[in-house]
Amino acid sequence: MFPRPRGIVPSGIGSQRIVLQRMTAGGALDGAEQEVDEPQLAAAVAALERQHPRWVWDDTSRWYPRLLAVHVRVERCVDLRLSHAILRNSSLTAGSALAASPACSWDRGALERLERPAEHTLFDFDEELADGAGEDTLAEFASQRAAVAGADDPARIGLLLAAESAGALVAAEMMYAGLPWREDIHNEILESHLGRRPAPGQRPELLDATLQRLREKLEAPTLNPDSPSELLKALAVAGLMVTSTRSWELKKLIHPAIEPLLEYKKLSRLLTANGWHWLDANVRDGRFHPEYVPGGVVTGRWASTGGGGALQLPKQIRGAVVADAGWKFVVADASQLEPRILAALSGDRGMVEAGSAGDLYAGIVASGAVETRDQAKVAMLGAMYGATSGESGRLMPKLTKAYPKAIALVEEAARAGERGEVVTTRLGRSSPLPGAAWRASQSEAYGENATEVDASRARGQARGWGRFTRNFVVQGSAAEWALCWMANLRRVLHEQATGSWITDSPHLVFFMHDEVVVHSPADRVDAVEAAIRTAGDEAGRLLFGASPATFPLSVAIVDDYGQAK
DNA sequence: GACGGCTCCAAA
DNA sequence: AACTTTTGGAGCCGTC
């Protein structure tokens, strides 16, 4: 999949000039080039796009939002910054010149992006990039091509780079389109829980009433429950001995103050995380425009930034996400994605079989491995996260006996992490190495002056890193499945589009790890659902070929996001 | 007053 | 219900 013929490289040669250079299928410049002023760039891109090139650029988040703003869509790209991060770390390209080269500006991409001012003109380059930026881009692309060509499995890492780059396009397009958001309904939700919007600095009426009730029951007239230490002291005075103020700890206590305390925490959370201030800051003209950060998590999951908290959107306020008149949301999530990924990764036929009927956990019960669905669920979570204690830990032997290959895969990943080694996902994203402090404490634990405390601490840290690598292979491979799913879906939606612009036809508006939301005209939802399912099937084939593993989707067609699930 | 560490909670 | 993974963000609180 990578690279395809005719890449086109936009790069800046000054503050306002951009060079577009054409490449052959082999990645060589063929001499065709254009130099355009910044205002003409979008038109030039749009004209070239008719030849269906793959754009090769340093950073999708730098170029694409401004193209989208003037209604220019591109079909495909290579995001050199994201690709570099993968190739730098991947065990598949460990022998490449790229991996051996010293850290450079391509490694600092994420940091630079955060430091870049929010407002600047499209081609107003940083000084270091203004000079020779084109050569740098071309050299980096050549270096990446060489790394892929020399990889242990070029098709595998190539697919990952293509999916990662397609994800960057999706992220920019979703940020552009925005998630439909009804401020009035959000306000109604807030008013029903908190009361009317108060003057700045004031507590909403219902939150204040709850606080007064709490203070009364605790006989603490000036208590600020937002201060954990103050709250702990007040609870102790009331005879409630707890070591933390987490809600689930407090729920175990029996005291008249607990009910208002839990209520206060819930209301306070709603107000501070998704209250009126959030609405003011994040919703404009009926759309929430979260900024996604592809590759923002070490495992390859996306992160989000900018205060919206898009990937932690609480279920409580999803009712404010309402489709436009005459439109619907098609909400799809991949059921039990991570355990199914583990089954496919390990080729554990028993676990694949357990998932074939639709509910993996029910299938595990049916196989006789455990007795209840809850046990199956908690045991699987424990296997993927590395639980050692509690019910989950106790169930592990049963799970190991029933699904030896699946459990062996996560156990081996954990052991590798404990030894300080890297682990690698299905398509080739590798975990980082543990830091210097970790290595130091490991080696010190076996030194002459090491105490039992040192050794114990080192073992604890080793196990902690093992839990990380254990989870990395599953979470990271699941993220790859999701990237392929979205890339396929984006392509199919575009092929089926009848409108002239992204937002005139069914389009992606939200993504959350294993779930997508498509905003669609009501009369197109059946085709959209079919496209989502086709894209999911194809993602399974891309990652696991002819494996019998299935990744069923649950799809809901709704008017508001709160109705889904 | 800025900053970093800590606690808590939302999501997958 | 958590345990056990990855995150972002708000508020508190001690330090500079």
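When reading the values below, keep in mind they use all heavy atoms of this one structure, side chains included, and skip hydrogens, waters and symmetry mates. All chains are named by letter (A, B, ...) in the order of the sequence lines, taking the proteins before the strands, and each is independently numbered beginning at 1.
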Does the A:N89 side chain pair with the main chain of A:S430, one donor and one acceptor, at a distance under 3.5 Å?
-> no
Starting at CZ of A:F510 and ending at P of B:dA10, how long is that distance when rounded to a whole Å?
-> 16 Å
Can a salt bridge be assigned to the pair A:E164 and A:R429 using a cut-off of 4.0 Å between side-chain N and carboxylate O?
-> yes
Could you give the CD1-to-C1' distance, from A:I317 to B:dC9, as a whole number of Å?
-> 14 Å
Check the distance between B:dA11's C1' and A:L337's CG and give it to me in whole angstrom.
-> 15 Å
Hey, what do you get for OG (A:S304) to CE (A:M175), rounding to the nearest 0.5 Å?
-> 12.0 Å
Length of the line joining A:F511:CZ and B:dA12:C1', which is rounded to integer Å | 10 Å
Where along nucleotides 5-16 of chain C does protein come under 4.0 Å, by heavy atom, of base (B) or sugar-phosphate alone (S), with - for untouched nucleotides?
-> BBSBBSSSS---
Taking every heavy atom of A:I532 against every heavy atom of A:A332, the minimum-distance pair comes out as CG2-CB, 3.6 Å
What distance separates A:I557 CD1 from A:K328 NZ, expressed to the nearest 0.5 Å?
-> 8.5 Å
Rounded interatomic separation in angstrom, taking CG from A:L311 and C1' from B:dA10 = 11 Å
For A:T388, answer base if it contacts any base atom (sugar-phosphate contacts may also be present), sugar-phosphate if it contacts only those atoms, and nothing otherwise; contact means non-hydrogen atoms under 4.0 Å.
-> nothing
Which part of the nucleic acid, if any, lies within reach of A:R318 when heavy atoms closer than 4.0 Å are counted: base, sugar-phosphate only, or nothing?
-> sugar-phosphate
Considering non-hydrogen atoms only, spot the tightest contact between A:P260 and A:T210 and give its length.
-> O-CG2, 3.3 Å
When we call it a touch if two heavy atoms are under 4.0 Å apart, what does A:K265 touch: a base, just sugar-phosphate, or nothing?
-> sugar-phosphate
Describe the nucleic acid contact of A:K315 in one word from base, sugar-phosphate, nothing, applying a heavy-atom distance below 4.0 Å.
-> sugar-phosphate
Could you give me the CA-CA distance, side-chain angles and deciding distance for A:W485 and A:F511, then say whether ring-ring contact (aromatic ring centres under 6.0 Å, His included) is met?
-> CA-CA 11 Å; A:W485 182 34; A:F511 169 65; 7.6 Å; no
Could you work out which one of B:dC8, C:dT4, C:dC3 sits closest to the side chain of A:A387?
-> C:dT4
Of the candidate nucleotides C:dT4, B:dC9, B:dT7, which contains the atom at the shortest distance from the side chain of A:T245?
-> B:dT7
